[in-house]
Structures are given as C-alpha cells and as structure tokens.
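Below is one structure, written out as structure tokens; the observations come after it.
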Amino acid sequence: MMKYELIPEQLIYEGLVNRNNFFEPDLVDREIIYLAHDQAYVDDLLGLTLDPKMVRRIGFPMTQALVDRERYLIDGTIKACFAAMEVGVSFNTAGGTHHAGRDFGEGFCLLNDQAVAAAYLYSQNLAKKILIIDLDVHQGNGTAHIFEDHPDIITFSIHGEKNFPFKKEKSHIDIGLSDGIEDEAYLSLLSSELEAVFNQVMPDFVFYQAGVDILASDKLGKFKLTQEGCRKRDDLVFNACKSRQVPVEVSMGGGYSVHIKDIVNAHVNTYRSAIHIYDL
C-alpha cells in the first residue's frame with residue numbers, strides 16, 4: 001500500500017509533473033457502481049454486511065475507510081477517462097482492482113475501477129467500442145467475469161498461466177504465458193498481439209492495467225522482465241493508442257517486488273513513457 005503515497009511524490013521529485021497536474025476524486029455514486037457490479041453485492045459491501053466467506057476471499061477486514069477508498073478509486077478512474085479524452089492519456093495513481101467480479105471481491109479487490117468506468121462510458125454513449133488491456137501478471141479475472149458476454153467492451157489479458165487466480169475466467173482474448181519469460185519473447189509477443197487486437201476491435205477508448213508484477217524482482221510474478229523491458233511494454237501500449245488517436249486511461253495494478261523502490265520506479269517509468277510519447 002505504501003507505493004500509492006510514494007508514486008505521486010516521486011513524480012514530483014523527479015520533475016515529471018507538478019501538483020497542478022493532479023486531480024482529487026469524490027465518492028462515486030452507488031448507482032454508477034451498479035453498472036458493473038451486482039446490486040446485492042454492492043449494497044452488502046457498502047453496508048459492511050458482506051458474508052464472512054466473501055470477506056476472507058477479499059483478504060481485507062471490512063472497514064468504512066476501506067470501502068470509501070474503493071469508491072474514490074472508481075471516481076478517480078472515471079475522472080481520468082475525461083482527462084484522457086482531452087489530452088490522450090491520463091492516470092489513476094492507484095486503481096487496477098481487476099480481481100473484483102460482478103458479484104464478488106477477490107485478491108484484495110472489492111470493486112473493479114476500470115470495469116465500472118468502462119460501463120459508465122458505454123452507458124453514457126461516450127465510447128461505443130472499448131478495449132481493456134490487462135498486462136498485470138495475474139489474469140484480470142474479475143474484469144473478464146463482468147464483460148464475458150459484452151459485445152462492445154472487450155477484455156484482453158496477457159498473464160501467467162500458472163499464477164493466481166488458479167481458476168481463470170474467460171476474457172475475450174486470453175494469452176497465458178509460462179513462468180520465466182524474459183524481455184525479448186514477451187515484447188515480441190505483445191507487439192504482434194497488440195497489432196492484431198487493435199485491428200480486430202478498433203476501439204474508441206482504451207483502459208490499460210499497467211501492473212509491474214511482471215518484473216523478475218517480483219515476489220509473486222514468476223516472470224523475468226527487467227525494468228527496461230517493463231518500460232518498453234508501456235511504450236508499445238502507448239504508441240499503439242497514440243498512433244490510432246485512441247484515448248487511454250491507465251491504472252496501476254500489482255507490484256510486489258522485495259524493495260519498494262523497484263515497484264515505485266517501475267510505475268514511475270510508466271508515467272515517464274506516457275509523458276515522452278504524448279509530449280506532455
């Protein structure tokens with residue numbers, strides 16, 4: 001959790017952004033959450049009356065502050081979508097809670113910020129074809145669960161086949177990789193798959209789950225990418241979006257390296273990549 005405080009401070013310290021580049025979210029309305037999540041689950045979550053088995057599945061003890069945090073996360077991602085529509089790219093300095101499905105939370109995710117934001121854009125006719133690119137090392141099972149049958153919100157996940165969650169959901173496009181993959185093989189695959197999925201979907205808005213648990217230093221990841229390989233991954237995504245003039249919202253996702261500096265530096269590199277490519 002410490003990284004969420006350190007990322008903004010590191011961005012300012014390095015002079016990549018200033019405090020005027022930030023916006024503060026509000027508590028998202030319950031009705032907006034219903035666009036992607038089951039009403040009974042949302043009401044139990046917001047009322048702090050979840051079944052104890054579900055609480056254990058999520059992994060956090062339920063508190064008002066924790067639930068409010070999830071509501072702020074969602075509004076932050078929605079506000080970032082509007083900023084992305086103006087300048088091409090925008091970030092939520094947290095978010096990426098992709099293990100929360102329609103009627104469940106899991107893996108420290110209570111609500112799914114990008115899924116709710118995607119459903120909101122779609123419901124308001126602000127985007128007609130949406131692509132969710134999930135490059136966290138863990139499959140975005142919650143996002144896949146929410147949009148499994150949706151014709152216009154397309155989920156695309158590249159993840160560790162033998163990693164959590166061990167029961168995978170069905171994304172529109174799933175690519176499960178073996179443990180130990182390194183920079184060259186990963187980036188070659190990603191480059192070709194991005195070209196194919198953009199040509200197939202032709203989105204008018206993209207969500208990017210930019211987890212840095214693909215690093216070799218990650219305790220939970222099982223991939224072997226370097227910091228430079230992770231940065232090149234981000235370059236591929238941003239170049240694909242910019243060249244097609246498709247706005248992209250970015251949420252941080254996972255990162256569990258032993259040293260917090262490795263996590264923060266990898267996330268900051270994602271910002272650095274976007275700032276360079278979009279000439280911000």
Side-chain angles (χ1 to χ4, degrees), residues 1 4 23-82 92-127 130 132 134 136 138-155 157 164-172 205 207 209 211 249-254:
M1 297 295 283
Y4 299 118
F23 60 86
E24 291 189 11
D26 300 307
L27 289 169
V28 72
D29 291 340
R30 183 186 301 248
E31 289 70 23
I32 292 177
I33 304 174
Y34 292 158
L35 295 173
H37 289 287
D38 177 76
Q39 182 172 338
Y41 170 73
V42 173
D43 290 346
D44 284 346
L45 178 67
L46 271 55
L48 301 179
T49 58
L50 280 180
D51 184 275
K53 291 182 180 178
M54 183 62 71
V55 174
R56 287 194 295 273
R57 184 174 179 180
I58 290 169
F60 283 134
M62 290 296 105
T63 65
Q64 189 64 54
L66 181 67
V67 172
D68 286 350
R69 179 181 184 274
E70 293 289 300
R71 293 177 65 190
Y72 283 120
L73 283 182
I74 293 171
D75 190 68
T77 294
I78 291 173
K79 282 185 166 62
C81 291
F82 286 102
N92 186 334
T93 55
T97 48
H98 65 161
H99 295 310
R102 177 165 292 280
D103 58 354
F104 64 86
E106 186 173 82
F108 308 113
C109 302
L110 287 71
L111 298 167
N112 192 315
D113 65 301
Q114 290 189 324
V116 176
Y120 176 77
L121 294 186
Y122 191 79
S123 73
Q124 299 298 307
N125 293 316
L126 295 169
I130 297 170
I132 302 178
D134 193 326
D136 197 278
H138 305 114
Q139 190 210 32
N141 61 315
T143 314
H145 183 258
I146 291 168
F147 296 122
E148 181 175 0
D149 298 317
H150 202 294
D152 297 317
I153 302 178
I154 307 302
T155 53
S157 179
F164 178 89
F166 299 108
K167 178 185 178 296
K168 306 290 192 290
E169 298 290 341
K170 183 176 174 54
S171 307
H172 289 86
F205 197 93
F207 290 87
Q209 163 86 337
E249 184 279 331
V250 189
S251 292
M252 294 296 89

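This is a predicted model, so every value here is computed, not measured.
When side chains are defined from C-beta on, Arg69 does not count as touching Leu110, because their heavy atoms never get closer than 4.5 Å. Looking at heavy atoms from C-beta onward, Thr155 lies out of side-chain contact with His150 at the 4.5 angstrom threshold. For the pair Phe82 and Leu126, the minimum side-chain heavy-atom distance is below 4.5 Å. With a 4.5 Å cut-off on side-chain heavy atoms, Val116 and Thr77 do not count as touching. In this structure, Met62 and Leu45 have side chains that are in contact, with non-hydrogen atoms separated by less than 4.5 Å.
To the nearest 0.5 Å, atom CD of residue Glu70 and atom CG of residue Leu46 are 10.5 Å apart. Atom OG1 in Thr93 sits 8.5 Å away from atom CG in Leu73 (nearest 0.5 Å). Thr97 OG1 to Ile74 CD1: the interatomic distance, rounded to the nearest 0.5 Å, is 6.5 Å. Distance check: His138 NE2 to Glu106 CD gives 11.0 Å after rounding to the nearest 0.5 Å. The structure places CG of Asp134 at 5.5 Å from NE2 of His98, a figure rounded to the nearest 0.5 Å. Interatomic distance, CD of Gln39 versus CG of Asp103, reported as 13.0 Å (0.5 Å rounding).
In this structure, Tyr41 contributes its side chain and Gly105 its backbone to a donor-acceptor pair below 3.5 Å. In this structure a side-chain-to-backbone donor-acceptor pair under 3.5 Å is missing from Asn92 to Gly76. Of the possible donor and acceptor atoms, none in the side chain of Asp29 sits under 3.5 Å from a partner among the backbone N and O of Glu31.
Residue Val250 comes nearest to Met252 through the heavy atom pair CG1-CE, 4.0 Å, listed as atom of the first residue, atom of the second, then distance. Considering all non-hydrogen atoms of both residues, Gln139 and Ser171 come closest at NE2-OG, 3.7 Å. Closest of all the heavy-atom pairs between Gln114 and Gln209 is OE1-CB, 3.8 Å. Of all non-hydrogen atoms in Cys109 and Ile58, the two that sit nearest each other are O-CG1, 4.2 Å. The shortest heavy-atom contact between Gly101 and His37 is O-ND1, 2.8 Å. Ala127 and Ile130 get closest at one heavy-atom pair: CB-CG1, 3.7 Å.
Ring orientation note: the planes of Phe207 and Phe205 are tilted relative to one another, at an angle of 30° to 60°.
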Walk me through it: do Asp113 and Ser251 pass the test side chain to side chain donor-acceptor pair (under 3.5 Å)?
CA-CA 9 Å; Asp113 65 301; Ser251 292; 2.9 Å; yes
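Electrostatic pairing of Asp75 and Arg71 does not count as a salt bridge here, judged by no charged N lying under 4.0 Å from a carboxylate O.
The only member of Asp38, Leu111, Asp43, Asn112 that meets side chain to side chain contact (heavy atoms under 4.5 Å, CB included) when paired with Ile33 is Leu111.
For Phe108 and Phe60, the gap between ring centers is short of 6.0 Å.
Around atom CD of Gln124, more than 12 heavy atoms belonging to other residues, nucleotides or ligands sit under 6.0 Å away.
Using modelled atom types and a 3.5 Å distance limit, the side chains of Asn141 and His99 yield a donor-acceptor pair.
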